[in-house]
Amino acid sequence: MMRLAELIKQFEPELLQRYAHRLLPSHRQALSALGTCRTRFAPHMLAACAGCHTQACLPHSCGPRACPHCQHFESQAWLQRQLKALVPATYFLVTFTLPAQLRTLAWSHQRVVYEALMGAAWDTLNTFSQNDPKLAGTPGALAVLHTHNRQLGFHPHVHVCMPAAALNAKERLWRSKVELGKTPGSAQPARGGYLFSHKALGKVFAAKVRAALAEAGLTLPPDVPERWVVDCKAVGDGQAALRYLGRYLYRGVISERDILRCKDGMVAFRYRDAQSGKSATRTLPGADFMWLLLQHVLPKGFVRARNFGFLHHNNRRSLRLLQVLHLRPSAPPSPPPTTSPPRPVWRCACGGAMVILRRRLRPDAMPACAAPQTERPDKADPVEASKH
């Protein structure tokens with residue numbers, strides 16, 4: 001398995017020489033952090049076993065969401081919060097795709113275009129839900145921005161996971177358009193059903209994005225198509241869709257297990273082909289591979305995943321009441337979303353709990369008696385994302 005830090009060390013000079021004019025401050029910050037992640041140059045923390053008093057040093061998380069092996073705990077905590085917010089309805093995964101003709105504009109004005117995409121996707125679904133006679137209310141939705149395709153090319157699109165249900169606050173009514181049933185002879189939720197016309201969604205979505213970009217003062221290219229691609233498909237109870245969306249939320253766009261080899265200045269990585277569904281391999285120069293990863297680093301502070309409608313955290317009381325009244329089996333009593341779940345205990349080899357003594361140690365300040373570690377003792381290690 002190739003380490004991303006090793007590739008950065010090898011190809012960073014060529015990357016800076018070829019792409020320096022295109023690198024944004026966020027790219028340079030991510031490059032610096034990823035290049036030292038889990039190396040001896042990373043800040044460490046000193047811990048000691050409460051039982052045998054063995055000391056060990058472990059590196060802090062590097063921080064960026066583009067890192068492929070940090071923030072595992074944050075990813076799992078996010079997924080658990082979303083699973084607890086599931087409601088009794090059939091879920092749909094709606095994908096809003098930016099046309100290829102607008103990708104250059106999106107790259108040059110990332111924050112503006114990404115905000116327009118996220119806002120237009122929600123406004124479109126909210127409009128359709130309010131006008132649908134079977135719903136006639138405000139829906140709930142979870143929107144996640146992705147900027148890559150399977151081959152890691154620049155391909156901005158928004159995935160929206162939403163139930164076919166709506167809440168009318170004025171009339172205090174809960175309506176569901178597609179019942180969450182069972183497929184005959186199977187214990188799995190039915191995946192059929194119809195939510196909205198994908199062609200109509202694409203038409204309204206395009207109009208809303210055009211309006212938002214025009215309001216921001218951006219001029220669209222003349223060859224932008226009239227019809228934009230929107231895909232809408234049923235995904236059962238929504239759990240599989242949420243796991244898919246959480247896969248790239250905190251862990252970057254590629255796993256280090258998929259970086260197959262680096263030889264003669266060329267890097268090969270594995271991806272799943274969209275047409276055949278089988279694994280395929282793409283090989284390209286190391287500097288181009290690094291640039292491929294960096295272009296998916298989002299602007300600083302940009303929120304990639306957002307909850308809308310009755311799934312917004314401000315409506316958690318109404319959501320909990322809905323789950324209780326409809327006897328949602330997967331919604332046990334839980335603390336407020338603002339309360340983070342406790343991190344797993346970091347265990348010593350003897351089984352005792354490791355207690356953190358000092359944080360943010362420089363490499364030259366680590367005690368000689370402490371055994372340095374470059375790997376987490378567990379994927380859900382409590383110190384993985386510590387940034388203090």
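What you see below is based on every heavy atom in this structure, not just the backbone, and it leaves out hydrogens, waters and symmetry mates.
Between Leu4 and Glu256, the closest heavy-atom pair is N-OE2, 2.9 Å. Across Ala120 and Val209, no two heavy atoms sit closer than the pair CB-CG2, 3.5 Å. Taking every heavy atom of both residues into account, Ala206 and Glu226 meet most closely at CB-O, 4.2 Å. Taking all atoms of both residues into account, the shortest heavy-atom contact from Met354 to Ala56 is CE-CB, 4.1 Å. In this structure, Phe302 and Glu115 approach most closely via the heavy-atom pair CE1-OE2, 3.6 Å. Leu213 and Ala116 get closest at one heavy-atom pair: CD2-CB, 3.9 Å.
No donor-acceptor distance shorter than 3.5 angstrom exists from the side chain of Arg304 to the backbone of Val144, with no hydrogens or angles considered. In this structure, the side chain of Gln55 does not engage the main chain of Leu46 through any donor-acceptor pair within 3.5 Å. A donor-acceptor pair under 3.5 Å is formed between the side chain of Asn168 and the backbone N or O of Ala136. Side-chain atoms of Ser176 do not come within 3.5 Å of backbone N or O of Ala165 as any donor-acceptor pair. Side-chain N or O atoms of Asp264 include none that pairs as donor or acceptor with a backbone N or O of Met266 at under 3.5 Å. Listed for the Arg111 side chain is a donor-acceptor partner under 3.5 Å among the backbone atoms of Lys300. A side-chain donor-acceptor contact under 3.5 Å links Lys177 to the backbone of Leu195.
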From CA spacing to verdict: side chain to side chain contact (heavy atoms under 4.5 Å, CB included), Leu284, Phe269: CA-CA 9 Å; Leu284 65 167; Phe269 67 92; 3.6 Å; yes
Criterion side chain to side chain contact (heavy atoms under 4.5 Å, CB included) on Val87 and Phe310, from CA distance to verdict: CA-CA 10 Å; Val87 298; Phe310 64 75; 4.1 Å; yes
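With sequence neighbours excluded, the residues forming a salt bridge (charged side-chain N to carboxylate O under 4.0 Å, His left out) with Arg18 are Glu14, Asp288, listed by chain and number.
Contact of the Val267 side chain with the Ile259 side chain is registered, since non-hydrogen atoms from C-beta on lie closer than 4.5 Å. Put simply, the side chain of Leu201 reaches to within 4.5 Å of the side chain of Phe128, judged on heavy atoms. Looking only at side-chain heavy atoms (C-beta outward), Ser129 and Thr138 stay at 4.5 Å or farther from each other. You'll find the side chain of Phe196 stays beyond 4.5 Å of the side chain of Thr124, heavy atoms only. Under the 4.5 Å side-chain criterion, counting only non-hydrogen atoms from C-beta, Gln130 is not in contact with Thr127. Side-chain contact check for Asn307 versus Gln82: some heavy-atom pair is nearer than 4.5 Å. Using a 4.5 Å heavy-atom threshold, the side chains of His155 and Thr147 count as separate. Between Leu242 and Leu142 there is a side-chain heavy-atom pair separated by less than 4.5 Å.
Note: the hydrophobic cluster containing Phe92 does not contain Phe308 (ILVMFWY, side chain heavy atoms under 4.5 Å, direct or indirect links). Both Leu292 and Leu16 are members of a single hydrophobic cluster when ILVMFWY side chains are connected at heavy-atom separations under 4.5 Å. Tracing side-chain contacts under 4.5 Å through hydrophobic residues (I, L, V, M, F, W, Y), one reaches Trp291 starting from Phe154; they form part of the same cluster. Under the 4.5 Å side-chain heavy-atom criterion for Ile, Leu, Val, Met, Phe, Trp and Tyr, Val230 and Leu135 are members of the same hydrophobic cluster. Follow the hydrophobic side-chain contacts under 4.5 Å out from Leu298 and you reach Val160 in the same cluster.
Between Phe289 and Phe11, the ring centre distance reaches or exceeds 6.0 Å. The ring of His296 has its center no closer than 6.0 angstrom to the ring center of Tyr248.
Atoms NZ and CZ, on Lys203 and Arg227 in that order, are 9.0 Å from each other to the nearest 0.5 Å. Taking SG of Cys232 as the reference point, atom OH of Tyr194 lies at 8.0 Å (rounded to 0.5 Å). Here Trp122 contributes atom CH2 and Lys208 contributes atom NZ; the two are 11.5 Å apart, rounded to the nearest 0.5 Å. One distance of note links CG of Leu34 with CD1 of Ile8; it measures 5.0 Å at 0.5 Å rounding. Taking OG1 of Thr97 as the reference point, atom CG of Asp231 lies at 8.0 Å (rounded to 0.5 Å). Remark: Gln239 CD to Cys161 SG distance equals 10.5 Å, nearest 0.5 Å.
Classified by interplanar angle (parallel below 30°, tilted 30° to 60°, perpendicular above 60°), the ring pair Tyr244/His146 is perpendicular. Ring geometry, Trp228 versus Phe205: the interplanar angle exceeds 60°, so the pair is classed perpendicular (tilted spans 30 to 60°). Using cut-offs of 30° and 60° for the angle between ring planes, the His159 and His157 rings count as perpendicular.
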Considering only distance and modelled atom types, tabulate donor-acceptor pairs under 3.5 Å from the side chains of residues 20-30, sequence neighbours left out.
unit_1: His27; atom_1: ND1; unit_2: Leu24; atom_2: N; d: 3.0
unit_1: His27; atom_1: NE2; unit_2: Leu294; atom_2: O; d: 3.2
unit_1: Arg28; atom_1: NH2; unit_2: Ala20; atom_2: O; d: 3.4

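When Arg150, Arg272, Arg282, Arg270 are each tested for a salt bridge (charged side-chain N to carboxylate O under 4.0 Å, His left out) with Asp258, only one passes: Arg270.
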